[in-house]
Amino acid sequence: MWPAEFDYARPSSVAEALQLLADNEDAKLLAGGHSLLPAMKLRLNEAPLLIDISRIEGLGSISNNGSLTIGALCTHADIAASADVQASCNALATATGMVGDQQVRNWGTLGGNVAHADPASDPPTVLVAFNANINIEGASGSRSVAASDFFMDLFTVDLEPGEIITSIEIPAHAHDGSAYVKMPHPASRYAVVGICVVLQRDGGRCSGAHVAVGGATVRAMRSPGAEAALRGSALDDAALDAAAAALKEDIANDLIGDMSFPEAYRQEMAGVYLKRAVRAAGG
Amino acid sequence: MAVVGKAVKRKEDPRLITGEARYLEDINLPGMTHIAILRSPHAHANIVSINTEAAAAVPGVVGVYTGQDFMDVNPLPCPWPAGGPDHPNNINTPRALEVEKVTHIGAGVAVVVAEDRATAQDAVELIDVEWDVLPAVTDAEEATFDGAPQLHENAPNNVCMEWDCGDQESADAALTSSDVVVRQRLRNQRLIPNPMETRGCIAQHEPVNGEYTIWMTSQAPHVHRLLFTAFIFEVPENKVRVISPQIGGGFGAKIFMYPEYVLTTALSKTVGRPVKWVETRSENYIATTHGRDHVTDVEVGANRDGSITALKVKTYANLGGILSTVAPGIPTTLYGRMLSGAYRFPNIYCHVTGVYTNTGMVDAYRGAGRPEATYVVERAVDLVASELGMDPVDVRRKNFVPGDAFPFEPSNNLLNGLSYDSGDYDKALDMALDMTGYEDFRAEQAAARAEGRYLGIGFSTYIEICGIAPSAWMFGEGWGAGLWESANVRMHITGDVVVTTGSQSHGQGHETSVAQLVADELGVSMDQVHVQHSDTLGTPFGYGTYGSRSTAVGGVAVWRSLQRIKEKAKAIAAHEFEAAVEDVEYVVNEEGVGSVQVKGSPDQSKVVGEFMGIATSAAGGWSLPGDMEPFLDETSYYDPPDCTYPFGTHICIVEVDAETGGVDIKRYIAVDDVGKVINPMIVDGQVHGGIAQGVAQALWEGAQYDENGQLVSGSLMDYAIPRADLLPSFELGRTETPTPNNPLGVKGAGETGTIAATPAVVNAVVDALSHLDVRHIDMPLTPSRVWETIKSHSNGGNS
């Protein structure tokens, strides 16, 4: 549990951090450190230089100007406790409140979480469901990537070596209920399957639904089939059965599994938890 | 004011709660060096060559060594071969570092000594080993098949030993003539103990006198010293001092001698500086012993009235790639001899094959053999109930050892001459059923099923064998030493009482429960009693803490020393008052103050402080009987006549999520009879922790190896230990049936939970699914496994 030797730098601005990244190949950004440092201690990751961005000002606040902007350095605990988040994106408050334990939530950041892109982590599923954008700064300027494009594969995201995530933006999305539910792995508490549902209602009917799945799949991803099955339905059992079937089909080629929770089981549970998420979202 | 039987707060807790307790990691010596061990990444391989040049060149490295450097140090001993002194066992034990081949991942092959840990770790990664990788086998039964990879030359088909007990002929005959016979294969999966503190060792060698001081995470410091001196380094006892500092849990895994302890100690002499090794959690998973890992075929015969006629058991016990200290004794003596459970089975036979596989070492883990036996027995009883369509409670009652049958000797000389001491199994069962409200449960279950909810109840009416001893019996079982315990009690001039014990406390609360005993016997306050343990310098020899034996054996040694002190106090008073010793009595008044007094003459009395003063100051001219030595200082060595046999009933109520297979424990009721209770709070604590671990085996825990012998569940991210939020509040009850086998009436409480809980949970889940005709599910009952079972049985029912 002793990492290999590394250098350490603590820039005070994004520009300074970008310069350090440009000057040091293979350097790693350190924010909360709760994914990076364990990997380094196990010597699964040996970074020659850690660029500690945790004290850069301006990356740690949450603002709501129609869309919700969450600074990359906001901790899971900050987000779970934020009234703004609870009001406009309650499922994200739920999901960040489920990450690790209290100590992890006090240190781990949302920016670090999405950059790491653990397929079993909770927040990415919610970000995909809410059409969040990942705001990125690089040497050649800034860009914004939709969450569903940003998460590409297991631990793989659309982020170039010289870039820094500065914030996560969740566009205003009028909805009548949202929920994130998961089956936790008994050891790690990561999601064996996690489902986020965002519902719009028009009287007794569902006028719109976003459905995202994580944990069971290589990346957090939307399920167009499940959304179509819910849209226009009365969210009755038949509609939920159809949505579950569509979801299972949508993820069939992207499943992950292990000895305790094989792919086929996770696929089935995605359907079960979709129904639970719809009910938890008030459907 | 008697304190025995009261929930007195623990004397240990202030230092633990405030973080002041000193663990091994807290100890640092001047000039100390640190080591990192290169461990085999392969489960089965020959070592072709090891190149240490690059590692040795790293600045800060003191030295790099391989197994060749320690050929003068003996291999680790295995003092408990199975089946008695003459029984064949094909023994293979580790060396400080392996030299020619490795048989499990994690085996140490080289070591770096450096100025600090990080440097040692950096350097160890530069050691280059050329391996000749061999095919691996991880399943105990498969390892015995022809064509399986062979681990050791002296163990054909990887068999370490064959062992049996009971009577095969009579069991076979009874099975043939029984109304029904149920057969089931049961897997008792491998567990990883996970004490909160990992292992560690610090060794210091004094060249001037050749003495070693060894601080180590030990549940049995005297045994470790014995193994170091008599077996490994071949030096006299006085050359080694073993100190066990504050220990953060052991669960059995800290009983044993390990290669790292030998290596650290040998290196302290080689480098001439103190050497420290502290295990990482990752190392703990691959280098510390595991527990359980049995594959068992059970056959149980019964007649229509529910009476069980025979139990026949065949078990493959996985011992790992190489033997840990008492590995062969666990799945034999501590397993087979317990297979009569709480029942009068008229015919029993058990055959065990101990097998080497390319997996980590397996040895005693909390309960050690007895949980495995209880699992077989309690599952077998449920299988009979299910086959006969009887209530599992009725089958249990039908076969219980009746209250008037004690002392009870199980059939076919199963216990090899020992017998159950005392018990009232119906009483504990009645109390547990009462607490549960069993009368109403079946109706609730039926109503829930009508709604598609799967409720289930599971029973475990267990017994244990605790207070592991007596020495002569254990010798016949193959144990190569004694199993008595010792205690010294001294009353000091300041009025305080110091107890030194050869036993060891690593969470059991001995400093409190022993003080309670002393306070009541002598009539002193608990604050005046100090219990010292865990340092071979200054404590009498003892065999250590495991097998729920510290109070039932070690506590009795304390009690005996106290009686001698009281006898001497009486003699002092008799002399003082010119009375006959028979006319003097030792009394403790209602305020808890002890005195010696002439019977019927309360004014002729000396309280504790007074007679202690006479005894300790006698050299100064006070009056003692002419031939009496001064001071109150008595040592006892106690070897009991038999073990103790706690018992009880555990009841678990679960709800199985029909959609996911998830198991939710709704209630957990435990009635334990551990004999006389000294501190009910400490006993409750032991029961709570044990239940948590027992439940965890049933539902969550399980070591997993892949086909190459890699440990897939090698971290806390993958291996699920129990957590408080997954467990209900336990509902505890107690009956108290003293054992006649010792004067305290105590039986032992350290393992009840792990012995009883596992089958209670599995029986509950199977009961919840019984309407789907489910008879058995192997552990751990993960959601996916339960869900698969539901799915396969539901489909079967519909087709």
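So you know, we letter chains A, B, ... as the sequences are listed, proteins then strands, and number each from 1.
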Practice item. Counting only heavy atoms closer than 4.5 Å, note whether B:P780 contacts chain A via side chain, backbone, both or neither. Key: neither

Practice item. Could you tell me which portion of B:L699 (side chain, backbone, both or neither) has an atom closer than 4.5 angstrom to a non-hydrogen atom of chain A? Key: neither

Once you leave out hydrogens and angles, what donor-acceptor pairs under 3.5 Å do chain A and chain B share?
{"residue": "A:R43", "atom": "NH1", "partner": "B:D122", "partner atom": "OD1", "Å": "2.8"}
{"residue": "A:R43", "atom": "NH2", "partner": "B:D122", "partner atom": "OD1", "Å": "2.8"}
{"residue": "A:A187", "atom": "O", "partner": "B:R723", "partner atom": "NH2", "Å": "2.3"}
{"residue": "A:R189", "atom": "NH1", "partner": "B:D725", "partner atom": "OD2", "Å": "3.1"}
{"residue": "A:R189", "atom": "NH2", "partner": "B:D725", "partner atom": "OD1", "Å": "3.1"}
{"residue": "A:S260", "atom": "O", "partner": "B:S784", "partner atom": "OG", "Å": "2.5"}
{"residue": "A:S260", "atom": "OG", "partner": "B:Q704", "partner atom": "NE2", "Å": "3.4"}
{"residue": "A:Y265", "atom": "OH", "partner": "B:T660", "partner atom": "O", "Å": "2.5"}
{"residue": "A:R276", "atom": "NE", "partner": "B:E659", "partner atom": "OE1", "Å": "3.4"}
{"residue": "A:R276", "atom": "NH1", "partner": "B:D657", "partner atom": "OD2", "Å": "3.1"}
{"residue": "A:R276", "atom": "NH2", "partner": "B:D657", "partner atom": "OD1", "Å": "3.1"}
{"residue": "A:R276", "atom": "NH2", "partner": "B:D657", "partner atom": "OD2", "Å": "2.8"}
{"residue": "A:R276", "atom": "NH2", "partner": "B:E659", "partner atom": "OE1", "Å": "2.8"}

Review point. Does A:T96 have any side-chain hydrogen bond (donor to acceptor under 3.5 Å, both in side chains) partners at least two apart in sequence or in another chain, and if so, which?
Key: none

